[in-house]
Asks: 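My questions will all concern the structure given below.
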Amino acid sequence: ELRKHLEILNPIVDSDADFEGNTYPYHWNEAIKDFGYETAKDKYPEMRRLMQIYGTEVVRERIQGNYWVSKVLAAAEKMEIDHKNPVVIIPDMRFFNECYETSYFCRQYDRNFILLQICGKDDSVKLDSHASEDNTWVNDNQVKMILENIGTIEEFREKCIKWADLYLKNKTALMAI
């Protein structure tokens, strides 16, 4: 939903100059059309910064602190869940309140809640100092598995699904939260 909001706003993410030195704004939607979302986000750091500011300073701080997690949990509530294996994977949790709300939701609906820590290619280097990148609220005792996210979204999704299958087959190896 955040990306849809930014598509509507279509902010400037960079500028181009022609051979005469005239500059022209380069917008969000153009970058996605020209490069695809993932490549554009890597190529134009302003896109990531805009998502951080819009998602945190605008939506979380001025509209509702639980806005994003409420959207995800509302969708999870509507999902048809295999009640023998009730697992919902939410791979992008950035704040303690999101963890708390998700844990409460899972207890309420008798679903497993497993906190996975996602790391990038070099997790020792933070992308920046924005609040959405600060995971110091995560207690090491809560983390059940560290998954490396260095490929595409599809590859990461497959990795999460494989890990969930492994977890369900071998629950005794992991302590419940």
Side-chain angles (χ1 to χ4, degrees), residues 1-81 87-99 101-102 105 115-135 138 145-165:
E1 187 170 323
L2 181 135
R3 284 172 38 188
K4 289 179 186 176
H5 291 192
L6 287 167
E7 285 173 21
I8 293 167
L9 293 170
N10 198 22
I12 295 170
V13 297
D14 200 9
S15 60
D16 285 335
D18 64 17
F19 62 92
E20 294 175 354
N22 300 314
T23 58
Y24 301 95
Y26 191 66
H27 290 89
W28 177 278
N29 294 336
E30 290 174 281
I32 291 173
K33 180 182 171 199
D34 291 347
F35 299 101
Y37 172 73
E38 290 297 327
T39 302
K41 189 176 70 167
D42 291 340
K43 187 172 176 65
Y44 300 103
E46 183 66 7
M47 292 179 74
R48 179 176 191 80
R49 192 182 79 76
L50 287 164
M51 288 189 295
Q52 291 171 327
I53 291 170
Y54 184 78
T56 304
E57 284 81 359
V58 175
V59 175
R60 283 181 49 86
E61 292 179 9
R62 291 184 172 72
I63 297 172
Q64 183 197 22
N66 286 335
Y67 181 86
W68 300 115
V69 72
S70 296
K71 293 282 188 186
V72 170
L73 296 179
E77 188 174 9
K78 294 176 185 174
M79 289 173 60
E80 298 241 352
I81 300 293
V87 174
V88 174
I89 297 172
I90 303 169
D92 194 0
M93 197 173 296
R94 295 180 178 263
F95 297 95
F96 176 77
N97 71 300
E98 295 173 348
C99 182
E101 291 297 322
T102 304
F105 170 87
L115 184 60
L116 303 175
Q117 184 172 351
I118 311 303
C119 65
K121 291 177 183 150
D122 183 0
D123 210 40
S124 64
V125 178
K126 285 182 80 169
L127 294 171
D128 57 47
S129 61
H130 190 266
S132 65
E133 301 297 330
D134 178 11
N135 65 355
V138 177
M145 174 62 80
I146 297 175
L147 291 181
E148 191 175 53
N149 181 16
I150 58 172
T152 66
I153 290 174
E154 292 78 22
E155 290 169 337
F156 182 64
R157 184 180 317 227
E158 285 300 313
K159 189 180 281 192
C160 286
I161 290 168
K162 285 178 186 174
W163 187 86
D165 286 342

Asks: Nearest 0.5 Å, what's the CD1-NE2 distance between Ile8 and His5?
Replies: 6.5 Å
Asks: Not counting sequence neighbours, which residues clear salt bridge (charged side-chain N to carboxylate O under 4.0 Å, His left out) with Glu1? List them please.
Replies: Lys71
Asks: Rounded to the nearest 0.5 Å, how far apart are CZ of Arg48 and CE of Met51?
Replies: 6.5 Å
Asks: Restricting to side chain to side chain contact (heavy atoms under 4.5 Å, CB included), what partner residues turn up for Val59, sequence neighbours left out?
Replies: Tyr54, Ile63, Tyr67, Trp68
Asks: With sequence neighbours excluded, tell me which residues meet side chain to side chain donor-acceptor pair (under 3.5 Å) with Glu57.
Replies: His130
Asks: Measure from the side-chain N and O atoms of Asn66 to the backbone N and O of Glu101, and report whether any donor-acceptor pair falls under 3.5 Å.
Replies: no
Asks: Quick check: do Val69 and Phe95 have side-chain heavy atoms less than 4.5 Å from each other?
Replies: no
Asks: Without placing hydrogens or testing angles, list every side-chain donor-acceptor pair under 3.5 Å for residues 9-17, not counting sequence neighbours.
Replies:
| unit_1 | atom_1 | unit_2 | atom_2 | d |
| --- | --- | --- | --- | --- |
| Asn10 | OD1 | Trp28 | N | 3.3 |
| Asn10 | OD1 | Asn29 | N | 2.8 |
| Asn10 | OD1 | Asn29 | ND2 | 3.3 |

Asks: Going through the checks in order, is the side chain to side chain contact (heavy atoms under 4.5 Å, CB included) test met by Arg60 and Asn97?
Replies: CA-CA 11 Å; Arg60 283 181 49 86; Asn97 71 300; 3.1 Å; yes
Asks: Applying side chain to side chain donor-acceptor pair (under 3.5 Å), can you list everything that pairs with Glu46, at least two apart in sequence or on another chain?
Replies: Arg49
Asks: Compile the donor-acceptor pairs under 3.5 Å between side chains in residues 30-45 and protein atoms, sequence neighbours left out, one pair per line.
Replies:
| unit_1 | atom_1 | unit_2 | atom_2 | d |
| --- | --- | --- | --- | --- |
| Glu30 | OE1 | His27 | N | 2.8 |
| Glu30 | OE1 | His27 | ND1 | 3.3 |
| Asp34 | OD2 | Tyr26 | OH | 2.6 |

Asks: With sequence neighbours excluded, what pairs up with Asp18 under the side chain to side chain donor-acceptor pair (under 3.5 Å) test?
Replies: Asn22, Tyr24
